[in-house]
Amino acid sequence: MRVLFMCTANSCRSILSEAMFNHLAPWGFEAVSSGSFPKGQVLPRSLSTLQQAGMSIDGLYSKGNNAFEGNPPDIVITVCDKAAGESCPVYFGPALKAHWGLEDPSDVTGDEAAVDAAFRATLARIEQRCKAFFELPFNRLSRDELKAGLDRIGML
């Protein structure tokens, strides 16, 4: 199962989500990320937060939705409010869509400790949601039940 985490810039929340999902994913699951208006670079703080948490940053880069035109995802999860209202590209076809809104830790102002704390808190929330995702009984859920489960996870 291929999950796409989508945000506007693909530089922070969607990147953190991709990395955490893949860090926890059992065989057969893969996450990718994209942005509707990609920034073209990942925020250095996103990468350092992942590294401090012991996760790989290999292969993470800011990209647009067209990167998956030939290999659409099974599930699209938007993680920022701006992307939540955007329509997914037609070539994503029947992908199931859900919204797991996250506040942008890069918007936090203050000293280094406050900004680091915001990034760590965001990553912890993503971890909680990814763990809940992997606890879903996929082989017993209808499409509608899976959608309902994804929506519940977005409220965590």
Side-chain angles (χ1 to χ4, degrees), residues 1-108 115 118-134 136 138 143 146-156:
M1 178 177 293
R2 189 166 209 220
V3 177
L4 170 65
F5 288 98
M6 193 173 107
C7 198
T8 302
N10 191 219
S11 63
C12 184
R13 292 166 284 181
S14 54
I15 293 287
L16 295 173
S17 298
E18 174 186 0
M20 178 59 77
F21 187 98
N22 286 332
H23 180 73
L24 298 172
W27 184 88
F29 289 87
E30 174 197 25
V32 292
S33 67
S34 73
S36 48
F37 298 96
K39 192 172 195 168
Q41 66 180 19
V42 176
L43 290 176
R45 177 94 56 181
S46 297
L47 298 175
S48 64
T49 300
L50 292 168
Q51 288 177 312
Q52 290 167 7
M55 283 183 260
S56 174
I57 60 169
D58 293 344
L60 296 175
Y61 67 101
S62 180
K63 59 209 151 297
N65 293 331
N66 60 347
F68 307 104
E69 191 168 357
N71 189 7
D74 300 299
I75 297 173
V76 176
I77 299 173
T78 52
V79 292
C80 70
D81 292 334
K82 291 176 188 169
E86 296 172 5
S87 59
C88 286
V90 169
Y91 50 77
F92 284 176
L96 198 58
K97 294 158 189 82
H99 179 65
W100 292 0
L102 294 163
E103 292 181 21
D104 190 347
S106 67
D107 286 343
V108 171
V115 176
F119 271 80
R120 284 193 309 275
T122 299
L123 189 61
R125 193 160 181 206
I126 293 166
E127 180 178 20
Q128 177 187 25
R129 289 175 174 177
C130 287
K131 286 181 175 178
F133 177 94
F134 292 122
L136 292 171
F138 292 96
R143 182 176 173 85
L146 178 56
K147 169 72 171 133
L150 293 172
D151 289 344
R152 275 192 303 277
I153 292 169
M155 303 304 288
L156 296 177

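To the nearest 0.5 Å, atom OG of residue S11 and atom CZ of residue F37 are 14.0 Å apart. Distance check, rounded to the nearest 0.5 Å: CG of L16 to CZ of R125 gives 13.5 Å. Atom CE in M6 sits 6.0 Å away from atom OG in S34 (nearest 0.5 Å). Here OG of S46 is found 9.5 Å from CG of L60. Values are rounded to the nearest 0.5 Å. For the atom pair D104 CG and C7 SG, the distance stands at 7.0 Å (nearest 0.5 Å). Expressed to the nearest 0.5 Å, how far CZ of R143 lies from CG of L96 amounts to 4.5 Å.
D74 is linked by a side-chain hydrogen bond (donor to acceptor under 3.5 Å, both in side chains) to nothing, counting only residues two or more places apart in sequence or in another chain. With sequence neighbours left out, K39 forms a salt bridge (charged side-chain N to carboxylate O under 4.0 Å, His left out) with no residue at all. Evaluation of the ring pair (Phe, Tyr, Trp, His ring centres under 6.0 Å) rule for Y61 yields no partner, not counting sequence neighbours.
Considering all non-hydrogen atoms of both residues, V79 and S14 come closest at CG2-N, 3.7 Å. Shown here for E30 and F21, the closest heavy-atom pair between the two residues is C-CE2, 3.8 Å. Of all the heavy atoms in A98 and L150, the pair that sits closest is CB-CB, 3.8 Å. Across every non-hydrogen atom of L136 and G149, the tightest pair is CD2-CA, 4.4 Å. Contact record, F134 with A25: CZ-CA, 3.5 Å, taken as the closest heavy-atom pair. Looking at every heavy atom in both residues, L102 comes nearest to R13 through O-NH1, 2.7 Å.
Judged by distance alone, the side chain of R129 and the main-chain N or O of G154 form a donor-acceptor pair under 3.5 Å. R45 contributes no side-chain N or O that, together with a main-chain N or O of F119, makes up a donor-acceptor pair within less than 3.5 Å. Judged purely by atom type and a 3.5 angstrom limit, S62 uses its side chain to pair as donor or acceptor with the backbone of A9.
Side-chain contact check for V3 versus P73: every heavy-atom pair is 4.5 Å or farther apart. By the 4.5 Å heavy-atom criterion applied to side chains, D151 and K147 are counted as neighbours.
The aromatic rings of W100 and F133 sit perpendicular, their planes meeting at an angle over 60°, well past the 30° parallel limit.
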query = Which is it for L123 and M55 under the side chain to side chain contact (heavy atoms under 4.5 Å, CB included) test, yes or no, and what are the steps along the way?
reply = CA-CA 11 Å; L123 189 61; M55 283 183 260; 3.6 Å; yes
inquiry  = The test is side chain to side chain contact (heavy atoms under 4.5 Å, CB included); show your working for I77 and I153 and say whether it passes.
reply    = CA-CA 11 Å; I77 299 173; I153 292 169; over 6 Å; no
Derivation of the side chain to side chain contact (heavy atoms under 4.5 Å, CB included) call for N22 and E18 = CA-CA 6 Å; N22 286 332; E18 174 186 0; 3.8 Å; yes
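The number of heavy atoms from other shown groups lying within 6.0 Å of CD (E103) does not exceed 12.
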